[in-house]
Amino acid sequence: MLSFSHFYSVTPKQNETIIVNENIQKLSQNETKSENNKQNFKKNISFSKDENLTKIFTDPKSKDETVALSTQTQNKQQKTQSDKNVQKEQTKIIYKSQQNPEKSKQELKIPEIKKEQISPSKDKIIIADTNVSKKPKFENNNTNKTEQENIIKPTITQEKQDSNISKEKPKQNQKESKKESKQQKKDIKKHIKGEKPKLVIIIDDVATKEHVKMIQKTGLKLTPSFFPKTTASPNTPSLARDFQFYMIHLPLQAKFDKNPMPTTIKTDESYDSIDKKISQIKQDFKNVKYINNHTGSKFTSNQTAMDRLYKALNKYGFIFVDSRTSADTQVPIIAKKYNNPYISRDIFLDDSNELQSIKAQLDNAIAKAKKYGYAIAIAHPRKNTMQIINQNKDHIIKNVDVVYLNEIIKYYE
């Protein structure tokens with residue numbers, strides 16, 4: 001009679017078959033994990049068109065998102081290639097075992113995967129500490145390489161295009177400005193050849209009799225610029241008659257002026273309203289021809305507003321002088337449109353009320369006049385400003401001729 005253990009005994013051949021089946025199951029599990037890893041990787045690097053790629057890569061040392069992307073891709077590819085190699089080895093062993101059933105169990109053991117072949121991080125992005133100028137390296141896998149190029153190229157191309165556009169424009173502007181500057185210097189030399197340099201000093205904000213006396217005391221041909229007649233400055237038309245030459249200091253809208261003058265012309269003001277104000281100025285100051293702006297950083301940087309103003313100025317025979325209260329001034333463009341000379345100040349003498357600063361700016365104005373043949377400086381009727389001008393009167397006269405603005409208009413035509 002057969003024993004109970006006899007029915008459950010396993011032959012060596014059956015044992016080999018069980019081992020083979022276990023190996024096949026392990027292979028299928030590895031393949032499933034590999035597919036899952038691929039899908040997870042694609043999900044991790046997928047992004048919308050509007051998403052900023054720099055958000056994905058958080059390491060501040062990395063200057064190019066392609067470095068991080070290529071490093072992650074290499075790690076994934078290395079793992080995939082390693083899995084394929086293991087699968088091939090296992091298939092060979094199984095095939096041999098079927099051909100030679102007497103093979104020992106040791107030959108059927110699955111080779112272990114070296115830890116070095118697989119990155120310990122599956123989901124984390126590893127930023128490579130490499131030189132950004134180096135091109136990212138890819139494995140010799142056509143499908144993966146194409147996917148990587150599709151992901152990386154649009155970003156790089158767009159960045160290059162944007163950077164090229166931003167770089168080309170300044171270069172063109174710099175070249176044009178250099179040409180204009182050189183041409184301007186040539187023109188200046190032609191006008192002033194053999195003449196003593198000329199300096200115009202415009203005194204803005206003139207509104208009282210005291211201001212008039214301060215200017216006259218210097219004995220120099222300073223150019224006063226009077227405020228238009230208002231309730232705050234009702235006597236400016238009569239005060240202007242004491243001068244052979246003077247200008248109008250026209251209030252224009254500023255960007256940050258919290259207390260603008262009531263007569264300030266605003267950017268949204270209609271042409272009819274502007275025309276009315278300019279017409280009144282012409283009636284109050286019959287002989288005046290030149291106008292410069294008081295404040296006006298917002299107004300002069302607005303082409304539409306300046307166009308309306310120039311239309312009115314031309315109607316009444318005025319020439320506009322840009323005080324340059326804004327770096328974004330649009331006056332040169334509008335002046336050219338109306339075939340008017342563009343005239344602008346070169347130096348502000350008293351941005352600071354410190355004596356030392358005013359003296360330094362006066363020296364800069366003299367140096368600029370000597371370099372280009374003429375220059376325009378703007379100052380104000382302040383105690384410190386007039387003190388510096390009076391103290392340095394001999395120095396001024398020695399180096400330049402102080403003239404009225406209308407004496408250098410030929411250099412701008």
Side-chain angles (χ1 to χ4, degrees), residues 197-227 232-233 236 246-261 264 290-301 320-329 331-332 342-405 408:
K198 293 174 174 55
L199 177 63
V200 175
I201 303 178
I202 300 172
I203 305 298
D204 281 350
D205 298 353
V206 180
T208 67
K209 193 171 183 178
E210 184 183 357
H211 294 160
V212 170
K213 288 181 178 180
M214 292 172 72
I215 294 170
Q216 291 174 337
K217 187 179 178 180
T218 64
L220 298 172
K221 294 171 73 173
L222 305 183
T223 301
S225 188
F226 288 91
F227 276 127
S233 53
T236 51
Y246 62 92
M247 298 172 55
I248 297 300
H249 198 42
L250 182 65
L252 299 179
Q253 187 176 6
K255 291 180 180 178
F256 307 107
D257 191 357
K258 295 181 179 180
N259 298 305
M261 298 179 68
T264 299
Y290 296 86
I291 284 183
N292 74 322
N293 54 294
H294 170 69
T295 64
S297 56
K298 183 174 182 179
F299 196 96
T300 57
S301 59
F320 187 78
V321 178
D322 189 1
S323 299
R324 290 193 68 86
T325 55
S326 171
D328 299 323
T329 178
V331 179
Y342 175 63
I343 308 171
S344 66
R345 65 95 189 153
D346 298 299
I347 299 288
F348 269 127
L349 295 187
D350 51 5
D351 265 347
S352 168
N353 198 38
E354 298 293 328
L355 292 172
Q356 188 175 358
S357 174
I358 298 170
K359 174 60 168 63
Q361 287 298 87
L362 179 60
D363 290 339
N364 288 339
I366 293 171
K368 194 151 194 173
K370 292 175 74 174
K371 182 177 181 180
Y372 296 109
Y374 61 92
I376 298 175
I378 288 180
H380 300 84
R382 300 171 185 163
K383 180 182 176 181
N384 286 357
T385 302
M386 292 304 165
Q387 180 180 330
I388 292 297
I389 291 175
N390 285 318
Q391 288 177 352
N392 292 273
K393 185 177 175 179
D394 293 339
H395 172 63
I396 295 169
I397 294 172
K398 180 181 177 181
N399 288 279
V400 297
D401 284 337
V402 179
V403 299
Y404 290 132
L405 180 62
I408 64 168

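Every heavy atom of this structure was used, including side-chain atoms; hydrogens, water molecules and symmetry mates were not.
- The structure places CD1 of I389 at 6.5 Å from OG1 of T385, a figure rounded to the nearest 0.5 Å.
- The distance from atom OG1 of T264 to atom CG of L250, rounded to the nearest 0.5 Å, is 8.5 Å.
- Put simply, the side chain of R345 does not reach to within 4.5 Å of the side chain of I202, judged on heavy atoms.
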Begin with the C-alpha distance, continue with both residues' side-chain angles, and end with the deciding distance and a verdict on side-chain hydrogen bond (donor to acceptor under 3.5 Å, both in side chains) for Q387 and N390. CA-CA 5 Å; Q387 180 180 330; N390 285 318; over 6 Å; no
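- Proximity of T218 to M386: side-chain heavy atoms (C-beta onward) are separated by under 4.5 Å at one or more points.
- Taking the side chain as every heavy atom from C-beta outward, L349 and H380 never approach each other to under 4.5 Å.
- Across all non-hydrogen atoms, the minimal contact from T223 to L405 is OG1-N, 3.7 Å.
- Residue S344 comes nearest to I376 through the heavy atom pair O-CD1, 3.7 Å, listed as atom of the first residue, atom of the second, then distance.
- For the pair D394/K398, no side-chain contact is recorded, criterion being any heavy-atom separation below 4.5 Å from C-beta on.
- Taking each heavy atom of V331 and Y342 in turn, the nearest pair found is CG1-CE1, 3.5 Å.
- For the pair D328 (side chain) and S301 (backbone), a donor-acceptor distance under 3.5 Å is absent.
- The shortest heavy-atom contact between A365 and I347 is CA-CG1, 4.0 Å.
- With rounding to the nearest 0.5 Å, the separation of CD1 in I203 from CZ in F226 is 11.0 Å.
- Contact of the F348 side chain with the N364 side chain is not registered, since no non-hydrogen atoms from C-beta on lie closer than 4.5 Å.
- In this structure, K368 has no salt bridge (charged side-chain N to carboxylate O under 4.0 Å, His left out) partners at least two apart in sequence or on a different chain.
- With rounding to the nearest 0.5 Å, the separation of CG in L362 from CG in N399 is 9.5 Å.
- For the pair I397 and L220, the minimum side-chain heavy-atom distance is below 4.5 Å.
- The minimum heavy-atom distance between N292 and M247, with the atom names listed, is CB-CE, 3.7 Å.
- Residue pairs meeting the salt bridge (Lys or Arg N to Asp or Glu O under 4.0 Å) criterion with at least one member in residues 346-363, sequence neighbours excluded: D350-R382, K359-D363.
- Two residues are said to be in side-chain contact when any heavy atoms from C-beta on lie closer than 4.5 Å; I388 and L355 meet this criterion.
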Validation: residues 293-300 side-chain donor-acceptor distances under 3.5 Å, sequence neighbours left out:
from, atom 1, to, atom 2, distance (Å)
N293, OD1, S323, N, 2.8
N293, OD1, S323, OG, 3.3
N293, ND2, T295, O, 2.7
H294, ND1, D205, OD1, 3.4
H294, ND1, H249, NE2, 3.1
T295, OG1, L252, O, 2.6
S297, OG, K255, N, 2.9
T300, OG1, G296, O, 2.7

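- Side chain of T236 to backbone of F227: a donor-acceptor contact under 3.5 angstrom is found.
- Between Y374 and V200 the shortest side-chain heavy-atom distance does not fall below 4.5 Å.
- One distance of note links CE of M214 with CG of L222; it measures 11.0 Å at 0.5 Å rounding.
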